[in-house]
Amino acid sequence: MLTAPLSIDVRRGAVAALGDLLADRRIATEGRVAIAVGPGQGDQIAEHVKPSLEDCELFRVDGGTVDAAVSLGSKLRGGSYEAVVGIGGGRTIDATKYAATLAGIPMVSVATNLSHDGICSPVASLEHDKGKGSFGVVMPLAMIVDLDYVRAAPPRLVRAGIGDVVSNLSAVDDWLLAAEACGEPVDRLALTLARTAAEALLNQPGSIESDRFLTVLAEGLVLSGMAMSFAGSSRPSSGGDHEILHAIDQMFPGTANHGELAGIGAAFCYHLRATRLGTGADRLAEVMTCLERHGLPRLPGDVGLTVEQFAEAVAYAPRTRPGRYTILEHLGLDKGAILKAVEEYVQAHGG
């Protein structure tokens, strides 16, 4: 399994180097490369780099679905391509990672926004007939983040990545809790990468208007992906926080995007730690401050959910990741206790 990208390029104008990157014989020996693009900026970037690539063919990805990924995978196998470049947002990148894995070829990620750590991770989140699922894939061999294109993306999508990286803190604490309570083994390198990514972002001044901040955010998303690859699972970046977001995705689809829900999930999990275990109060304050500073949702109402709906999702959350031990499984609260906890959370932080 690949545990680290061959190349990472985060800067303004980075897309211009794509041709040189693909000329590296470690990626494509004969230069036969496919380009997969999604809606939005993908076509624009593809047209920009296509002249520098010989023998390449353009494919359009129709959404982040299993069907779209399988269809692309079939085309990649049929064309005997040596590599595929996925250009676009999270859904396009995830579909291309899955397709590349099916085809057995390396994939280069060109991210046009920074909404979540899927831009460089061994997991693809794809929609199917029964909702949305997470699938193990080979992580990108190389990745490019051109800050010029990131700045052209909707600000809400860029801010969402902050919530996803910061939620690593909750995931890491859940992993350590599982080790203490159940003896689950912990990969300390993966844990350190995930925590470092979150703390670097938590303490980074500025906002998404700053190139320096965007660079730290991009690097944090990459570190999160690498942490998952080292761990061999999503454990270092997905705890009770992600169980809650997946439950909301299934029960109330279209409520908010991945990173926004990850941030709320992390904050609520720290509320549970602070009020039920007497730990994590400082982290709760840090996470809430970060979410507020960057204009991210903090409360159920911020994403259009009632207290009752959010409590329903929390109660369902452990079913989204059977076998994963988090603060939610540790406390084992019944529906009444969960509703009370959500009411307390909203009351404490809704002012």
- prompt: Using 4.0 Å as the upper bound for N to carboxylate O, is an ion pair formed by D62 and R60?
  reply: no
Check the pair F59 / Y81 against side chain to side chain contact (heavy atoms under 4.5 Å, CB included), numbers first and verdict last.
CA-CA 12 Å; F59 298 99; Y81 294 100; 3.6 Å; yes
For atom CG of D129, is the number of surrounding heavy atoms from other residues, nucleotides or ligands below 6.0 Å larger than 12?
no
Worksheet item: Is the closest basic N to carboxylate O distance between R298 and E260 below 4.0 Å?
Response: no
Going through the distances and angles, do S121 and K97 end up as a side chain to side chain donor-acceptor pair (under 3.5 Å)? CA-CA 9 Å; S121 77; K97 286 191 296 186; 3.1 Å; yes
Interatomic distance, OH@Y316 vs CG@L328, rounded to 0.5 Å, equals 14.0 Å
- Salt-bridge contact D94-R91 (side-chain N to carboxylate O under 4.0 Å): no
| task | Considering only NZ, NE, NH1 and NH2 on the basic side and carboxylate oxygens on the acidic side, decide whether K75 and E57 come within less than 4.0 Å. | result | no
Would you call the rings of H242 and H258 parallel, tilted or perpendicular, taking 30° and 60° as the class edges? perpendicular
CZ of R159 to CG of L296, rounded to nearest 0.5 Å, is 6.5 Å
Quiz item: Does the side chain of L245 come within less than 4.5 Å of I264's, by heavy atoms?
Solution: no
Residues Y270, E286; criterion side chain to side chain donor-acceptor pair (under 3.5 Å); working and verdict:
CA-CA 10 Å; Y270 273 120; E286 289 177 333; over 6 Å; no
**Asked** Do K340 and E343 meet the salt-bridge criterion of a basic N to acidic O distance under 4.0 Å?
**Response** no
Do the side chains of R12 and D211 get close enough for a salt bridge, i.e. N-O under 4.0 angstrom? yes
Requested in this report: For side chain to side chain contact (heavy atoms under 4.5 Å, CB included), just list the numbers for I105 and E82, CA-CA rounded to whole Å, side-chain angles, deciding distance to a tenth of an Å, and then say yes or no.
Outcome: CA-CA 6 Å; I105 61 175; E82 295 178 278; 5.9 Å; no
For D334, look at atom CG and say whether over 12 heavy atoms of other residues, nucleotides or ligands are found less than 6.0 Å away. yes
task = State plainly whether the residues E344 and R276 are in salt-bridge range, i.e. N to O under 4.0 Å.
result = yes
Paired with D174, the salt bridge (charged side-chain N to carboxylate O under 4.0 Å, His left out) test is passed by just one of R324, R321, R235, R273, namely R273
Open item on the list: Please evaluate residues T326 and E329 with respect to the criterion side chain to side chain donor-acceptor pair (under 3.5 Å), reporting the C-alpha separation (whole Å), side-chain torsions for both, the decisive distance (0.1 Å), and the verdict.
Closed with: CA-CA 5 Å; T326 76; E329 288 80 6; 2.5 Å; yes
Practice item. Say whether S115 and N113, considering side chains only, have a donor N or O and an acceptor N or O under 3.5 Å apart. Key: yes
_Test side chain to side chain contact (heavy atoms under 4.5 Å, CB included) on H116 and N257; report intermediate values, then the result._
CA-CA 9 Å; H116 61 75; N257 63 45; over 6 Å; no
Taken to the nearest 0.5 Å, the spacing of L21 CG from S7 OG works out to 5.0 Å
task: Check the pair C269 / S170 against side chain to side chain contact (heavy atoms under 4.5 Å, CB included), numbers first and verdict last.
output: CA-CA 7 Å; C269 285; S170 173; 3.6 Å; yes
Correct closest heavy-atom pair for A95 and V61 would be CB-CG1, 3.7 Å
